[in-house]
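Have a look at the structure below before the remarks.
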Amino acid sequence: MTGSSALNFWNAYWSGTLMLFSHWAMNFSIQSVKPKSEDIGVSRDELSRALLLAFAATPLFEPFAIPLLLDKLSSSLPSAKVESFKYLGYCAPMYGSDRMAKHGGALWSSVKDVLYTSPESALSVESESDGGMIFEESDIMVEALILLEGLMQQNSDLLLDMILGDEDINNFICSFLKPWDIHDTPLQLRQQLHSVGRLLAVSAKSSMASCNRVFEKFFPQMMEALGCSVGNHSDESFATEDRALSSRFNYGTLYLCVELLDACRCLVLGFKESTSFPDFIHEKWCCMLHGFCRSLINIFFSNLEAVSGNAQSSFAYTGVKGLQLLATFPRSFAPVSLLLFENILLKLVSAITSNFDKKFSWGLELKALVEIGLYIEGYQESEKAATFARIVVDKFVSWISSDEPAMPLSLKMQAICETGMTGISNMLRIVQGMEKAISAKFTQAYVDGNFESVELVIKVLECYSARVLPWFEMNGGSEEVAWNLAAIIWDKIDNSSSVNLTVQNYELLGAAMTAMKQAVRRCSQESQEKIVNRAFRVLSASTLFPLKDSPFATSLSNSEDSYLNHHVDRVSCRDEWIISLYASVVIALRPQTHVQNLKMVLQLFIMALTKGHIPSAQALGSLVNKLPSKTNERHLSQEYGVEEAIDVILTSSIWNFCQSNTLRKCSLFGGGNEIHNTKCLAGLNHTSVHISAIVGLAWIGKGLIMRGHEGIKDITMTFLGVLLENTNNGDFPESCDPIEGKEQEVIPLMKSAADAFHILLSDSEDCLNRNYHSVIRPLYKQRFYNSVMPLLLSSTRQSNSIITRSMLFRSFAHVISETPLSAMISEANKLIPLLLDSLSTLTEDVMHKDVIYNVILVLSAILMDKNGQVAVLENAQAIINQLIGLAAYPHMMVIRETAIQCLGAMSELPYARIYPSRTKVLQAISKALDDPKRAVRQEAVRCRQAWASIASRSLHF
Amino acid sequence: MTLGLINANPVVHAKKKRVARPLDDPHADDAVDPLEIYDIVRDIRDPEHPYSLEQLSVLSEESITVDEKLGRILITFTPTIQHCSMATVIGLCLREKLKDCFPAHFKVDIKVAPGSHADEEAVNKQLNDKERVAAALENPNLRQLVTECLYSSEL
């Protein structure tokens with residue numbers, strides 16, 4: 001290449017680059033271009049990223065790019081500022097420190113503008129209430145700080161000179177060195193203080209040398225302002241001096257001081273993570289901090305005391321944060337000796353004890369302790385760990401059973417759990433304490449109903465279920481804790497002879513059942529077997545078992561009737577406890593776990609469910625769900641498979657009230673051991689018992705349906721039988737009242753049979769879900785839907801009674817609302833007329849309002865689904881008519897709202913199809929505009945607009 | 001020659017943050033209140049500029065009063081300049097929007113803020129005379145302008 005051609009090339013290059021940058025300058029803020037990028041398949045972010053890479057492509061772009069970016073920083077568009085800082089931050093390392101050095105002044109002044117001159121930080125929510133200093137930085141500030149951090153890494157001296165030499169910053173800091181009241185300070189000054197704190201922190205954090213310079217420049221002044229002097233180790237000296245006392249509440253200085261402490265701690269810990277750990281003890285900043293450390297701790301202590309004295313919660317922030325920072329310096333940092341560390345912990349614990357009525361500072365103090373605990377765990381500081389356990393964990397554990405301190409129990413438990421979660425050893429200590437508390441108080445709570453003990457045990461058990469057991473599951477080693485909890489509860493139940501029945505006792509039972517389920521589900525098969533055997537021993541020793549002396553192998557079919565007769569009306573409170581807890585154990589078992597004396601257990605649960613004891617029904621459902629199906633899959637000692645268990649359950653005489661459709665008639669159970677003994681049910685022949693039996697059968701059915709067992713067909717037929725039998729044939733049980741009483745007897749029964757479909761298909765949190773190891777066959781809901789729908793439809797067609805039809809539609813509504821839409825949508829054309837029929841039938845009785853809401857949700861889902869569009873179009877008129885009716889449904893606001901939303905969605909259908917209904921819809925919606933509920937009115941406005949606009953913009957009709 | 005804009009350079013204010021009201025509170029007082037009306041009319045576009053009436057400070061929540069028992073709504077708006085010939089169009093837009101969104105039993109009064117318009121009395125009279133309003137909306141050009149302001153998606 002000749003000299004002239006090289007020159008031409010460079011000229012062309014420069015002019016090209018200039019053109020390029022002038023073009024970029026005009027289009028820099030990509031956001032200002034309307035985001036129609038979908039048209040060309042490129043998003044705004046991709047364009048921005050590409051431009052960023054182009055800017056940073058070569059250092060030769062520096063003379064063009066940096067002035068352009070600095071210029072764009074003066075734009076009033078916030079997004080342009082954010083982008084500029086981002087670009088500068090990315091380009092600076094690419095261009096190198098030499099090239100960036102000449103822009104140092106300009107860069108600093110733009111960063112200072114954003115951070116100091118007009119900071120855009122907003123007070124955080126919790127800080128807003130007490131005028132504190134916790135700010136959330138704007139996006140621009142965040143990007144500016146990232147840029148500053150990058151520049152400090154690149155050339156710390158240059159920038160530090162500017163920052164430390166900046167008159168505004170210096171004057172600002174000096175003005176804050178005198179005492180002032182945070183609450184009287186304008187927001188802008190507080191924002192500036194926050195920004196200056198961040199500036200100092202970023203500067204100090206960048207390297208040891210910068211940390212030294214920042215400390216040398218500001219730290220002595222700050223300490224002087226706070227009244228500290230080197231080597232002033234006397235605790236009492238401050239308390240006697242008024243000047244020093246007032247200077248302790250020099251908020252600005254304290255705030256900056258805490259920011260500096262945070263920065264140097266980050267610096268030290270950053271080194272600790274890397275392999276080359278320098279001996280920073282001889283660094284200047286470290287020596288200075290060493291000298292003032294004790295005085296600083298004293299000042300932070302007095303900040304905490306100020307909190308307990310009055311409501312100066314802004315000092316709580318600095319006090320607590322300062323102590324937390326000093327306590328979490330590495331062990332090699334000599335000034336914070338173990339003794340000082342101990343003092344800090346003691347002070348924080350005493351503050352937590354006395355400040356429980358000040359929510360903000362209490363939360364800060366607890367958080368600080370948790371942070372200290374996490375630090376110790378993370379950095380393996382064994383000495384500090386022992387101190388922490390002794391001072392904090394043991395102290396908190398001692399609170400469980402003691403009346404001191406007088407703080408609410410929920411706060412105590414919160415403090416205990418959160419500190420326990422800092423590490424496995426702490427958690428184990430806490431678990432020990434909780435086990436002791438349960439051992440000590442459970443009997444008192446359970447037998448005497450002592451109010452305090454009940455409250456305590458409930459809280460501890462809740463803590464186990466919600467926090468401790470899940471924590472162990474996440475962090476390993478859960479089995480022993482879970483096993484111990486179950487064992488303690490069973491021991492306590494076993495050792496007590498009677499229970500005092502109170503309302504709190506039921507709450508306690510609920511908490512104990514949840515804890516038991518949560519504990520058992522986390523145990524291994526062997527442990528579960530031990531627990532279930534232990535539980536059975538307690539169960540068999542209870543008064544629930546009149547047959548305890550006879551061998552369990554004896555068939556109960558003969559004794560069952562007298563047994564039920566004898567016991568059904570008098571189950572003692574203790575027995576209820578035992579059977580409820582036993583049911584909880586059974587619900588949470590793994591499928592492989594063997595249950596002893598299954599036949600007895602099944603009989604017992606059946607007895608309990610007739611009393612309306614839902615956990616027993618759930619336990620029966622869980623058993624039939626998990627028992628092995630084939631003989632060869634069974635455990636050698638397993639006496640029952642699922643078929644035998646179902647046989648035992650369904651041969652029980654409690655189902656005899658639905659004898660004409662009895663389960664025994666079904667082919668599956670053709671074992672020949674039917675029981676037709678109606679005498680035994682003489683005492684049970686009440687509607688409530690029948691309802692309990694239906695609910696129980698529904699849970700059993702749920703267990704079967706989930707594993708895809710054929711037995712569900714017979715159970716479904718039983719429910720349908722109850723629905724059809726009573727009104728169509730007039731076949732009421734003998735004991736029913738004369739004709740006028742029939743409805744009162746029959747309707748609740750039919751309703752429970754209809755609601756059984758809800759139990760069958762809905763997901764339950766209490767049992768029969770993945771957490772409790774249930775056997776779940778894929779697509780079981782779809783299968784059930786396909787098999788039950790023809791039955792329901794034919795029954796509905798045949799039925800001529802209004803009540804039966806409405807109950808059948810109620811069942812139908814439960815089935816469709818619990819089945820996944822994808823299973824139904826292919827037959828939407830058949831489904832929609834039925835759905836509309838069900839809506840018109842159900843709206844006639846207010847008791848169906850919840851079900852109507854579920855149906856209308858299904859309808860709205862079909863309307864929104866593309867695959868349902870053809871069916872919707874075919875039935876458009878009918879759907880619209882039904883929705884118009886529901887838009888005025890008086891008993892439930894959400895039904896009206898959803899109906900109007902659906903009407904709005906209908907307006908999207910083809911014009912020719914819906915235009916005939918337009919006038920009708922607009923008239924109906926006009927009425928909805930006057931609805932008493934705002935949400936309905938707002939929906940009506942939208943719907944009206946949508947329908948009006950299908951013909952023209954005009955709303956005239 | 002095209003006519004210049006009546007107010008070529010209006011002051012544009014920031015939109016206020018919309019606070020969602022708590023839903024599902026059965027005991028909430030759901031009576032019609034000024035905020036509900038304001039939420040409906042704040043996004044009407046100005047006839048001249050691609051800004052909403054809220055952005056131009058023509059309307060505010062405080063300028064609306066409502067008495068649900070008597071079924072009366074009073075909106076007082078402030079044109080951006082004293083000689084604004086668009087004041088009547090803005091009034092028409094407000095009336096049309098409220099007619100669409102509230103039941104017919106509400107009586108709506110629309111006025112310009114006292115002293116904010118040179119022909120205050122004439123404008124108020126025109127806006128609250130239902131025959132003149134009906135006549136104005138029969139004018140296809142005016143109707144189109146109102147429709148554009150109400151349903152424009154330019155904002």
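First the proteins, then the strands, lettered A, B, ... as listed; each starts at 1. These numbers were taken from a predicted model, which means no experiment stands behind them.
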* Is the shortest side-chain N to carboxylate O distance from B:D33 to A:R934 below 4.0 Å? -> yes
* **Taking every non-hydrogen atom, the tightest pair across A:L929 and B:D100** => CD1-O, 3.5 Å
* Are there more than 12 heavy atoms of other residues, nucleotides or ligands under 6.0 Å from atom CE of A:M864? -> no
* Asked: Between CD of B:E68 and CG of A:D930, what distance do you get to the nearest 0.5 Å?
  -> 7.5 Å
* Closest approach of B:D30 and A:K933, non-hydrogen atoms and distance? -> OD2-CD, 2.9 Å
* Give, for atom CZ of A:R944 and atom SG of B:C101, the distance between the pair rounded to the nearest 0.5 Å. => 7.5 Å
* **Contacting region of B:A31 [heavy-atom separation from chain A under 4.5 Å]** => backbone
* Asked: In terms of heavy-atom proximity below 4.5 Å to chain B, should A:R937 be classed as side chain, backbone, both, or neither?
  -> side chain
* Counting only heavy atoms not in B:K97, do more than 12 fall under 6.0 Å of its NZ? -> yes
* Asked: Quick one: side-chain contact (heavy atoms from CB on, under 4.5 Å) partners of A:V82, sequence neighbours excluded?
  -> A:D139, A:I140, A:E143
